[in-house]
Amino acid sequence: MNPQNNLSHEPLPEWFEPFPEPRTFPTGWDLSNLVEAERTTASARKSVAHEDGDSVRANA
């Protein structure tokens, strides 16, 4: 058995990720509440922005 020289291997590029993040959700995860919460938050933000815009115009 001959020992191998690790210096003979070329280093990997910086962008190489040996364990990339998975891009899928495991089966059985229910994300419907998460999606609904985002829609509700976005709707509330639009409502507040609209109300703030009306009060600024009324005071001008």
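Just so it is clear, the structure is predicted and the values come from calculations on it, not from any experiment.
For R45, the side chain to side chain contact (heavy atoms under 4.5 Å, CB included) criterion is met by T41, not counting sequence neighbours. Residues passing the side chain to side chain contact (heavy atoms under 4.5 Å, CB included) test with P18, sequence neighbours excluded: F16. Among residues two or more places apart in sequence or in another chain, the side chain to side chain contact (heavy atoms under 4.5 Å, CB included) test is passed with E14 by none.
When atom types are taken as modelled, the side chain of T40 and the backbone of E36 share a donor-acceptor pair closer than 3.5 angstrom.
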